[in-house]
Every structure is written in structure tokens, then in C-alpha cells.
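Order of listing sets the numbers, starting from 1, for every ligand and every atom in it. When a residue number appears, it is its place in the shown sequence, counting from 1.
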Amino acid sequence: MAAEQTYLMVKPDGVQRGLCGDIISRFEKRGLKIVAMKFTVIKKETAENHYGEHKGKGFYDSLISYITSGPVLAMVLEGDNAVSVCRNMMGKTNPQEAPVGTIRGDFAMVTGMNLIHGSDSPESAKREISLFFRPEELVAYKRTADEWIYE
Ligand code: DAT
Ligand code: MG
């Protein structure tokens, strides 16, 4: 098992709709390890940094106001190929194209309210984790269940 970390975030619609527990639960049950978690309202500057790749696109302004409109649940999860495993669990960006069984495919209807963010590559994960967490906020511990999750 090569431990990889990824950044996940339940967006303001997920928090307001009371879906944090369901979403965390899916990742926990799959076998992802929780390394850090934070409930916070994102500052505009941080949001602009986080979504820098989308600056200039038509949806950028509404994306920034949506992601800063209320609290989010930010987390770092760890596991074998955690980035792609979590992306697959989230489903496509447009929830109407996301398969049933994914988070977006089960709980969301439109791209602008698609409930969850997840890093799209290990490089993005490193960048996003450092944007939202200080190194000492990542908790290193042995999880006894690992021997029943990984061969
Ligand atoms: P993802 O969140 O699946 O990584 P992304 O990085 O392409 O998708 O876009 C970031 C967010 O921006 C996405 O979750 C919702 C919003 N977004 C992307 N494309 C959009 C579009 N065409 N119209 C409205 N919002 C969009
Ligand atoms: Mg993205």
C-alpha cells in the first residue's frame, strides 16, 4: 500500500443540506483514513487561490461566491491511490452525468451545486492540502483496521 493523501471538501450546499455525515461515512466505510478535518468559512483570497485554474471562465465569479457563502468541511484523507479512488466516489463534475452510487450522482442535481470538491491529481492534492492545513494539523497515527483493509 502506497499511502497517498488527497484534499476533500464538503461544499456549502452539502453542509446546509446536512450531508456531511453521509459523505464522511462513505469515505470511512470504503477504507480511507482520516488525517485532518476542519469546519470553516473560506476567505475570498483562499478561494481565489484554490480555484486559480478557473479564473477568467464564465462561472468563476459565481463559483467564488458559492464556495465562500457558508461553512465547508475540509479534510485530508489517505489511502492507496486516494486521489483517484475519491474522485471516482465523487462522480463527474456535472451531477446529471455522475453515475448512481457516486456522491454527486446520488445527492446532487446541477454543476453549480455539486456538493463536494476533491483533488484531481497528487500534485493538486499537495497544493490544496497546504492551502487549507498547516503541516502540524495532519495527524500521523496507526489505524488498526488497516490490516483488514489492505493485504
Ligand atoms: P471538479 O470539481 O469536478 O474538479 P472542475 O475543477 O472542472 O470540476 O471545476 C471546479 C468547480 O467549478 C466545479 O465543481 C463546479 C464549477 N464548475 C465547473 N465547470 C462549470 C460549468 N461549466 N458551469 C458552472 N460551474 C462549473
Ligand atoms: Mg477540480
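- Only the side chain of K11 comes within contact range of ligand 1, with a heavy atom under 4.0 Å; no backbone atom does.
- When each atom of ligand 1 is checked for a heavy atom of Y51 under 4.0 Å away, the hits are 10 (C).
- When only modelled atom types and interatomic distance are considered, S124 and S121 share a side-chain donor-acceptor pair under 3.5 Å.
- The local environment of NZ in K57 is crowded, with over 12 non-hydrogen atoms from other residues, nucleotides or ligands closer than 6.0 Å.
- When each atom of ligand 1 is checked for a heavy atom of N114 under 4.0 Å away, the hits are 13 (C), 14 (O), 15 (C).
- Under 4.0 angstrom from ligand 1, the non-hydrogen atoms of R87 all belong to its side chain.
- Only side-chain heavy atoms of H54 come within less than 4.0 Å of ligand 1; its backbone N, CA, C and O stay farther off.
- Among protein heavy atoms, atom 3 (O) of ligand 1 sits closest to T93 OG1, 2.6 Å.
- Contact annotation for L63 and ligand 1: only side-chain heavy atoms (C-beta onward) come within less than 4.0 Å of the ligand.
- For ligand 1, the atoms closer than 4.0 angstrom to any heavy atom of R104 are 1 (P), 2 (O), 3 (O), 14 (O).
- Geometrically, K38 does not engage F132 in a cation-pi contact defined by less than 6.0 Å to the ring centre and at most 45° from the axis.
- With hydrogens and angles left out, the side-chain atoms of R127 and N49 include a donor and acceptor closer than 3.5 Å.
- Rounded to the nearest 0.5 Å, atoms CZ (F107) and CG (N114) are 14.0 Å apart.
- The aromatic rings of H50 and Y7 sit perpendicular, their planes meeting at an angle over 60°, well past the 30° parallel limit.
- Between K43 and E45 there is no salt bridge, since none of the side-chain N atoms of the basic residue sits less than 4.0 Å from a carboxylate O of the acidic one.
- By the criterion of a heavy-atom distance under 4.0 Å, both the backbone and the side chain of T111 are placed next to ligand 1.
- Residue, atom and distance of the protein heavy atom nearest to atom 21 (C) of ligand 1 are F59 CD2, 3.5 Å.
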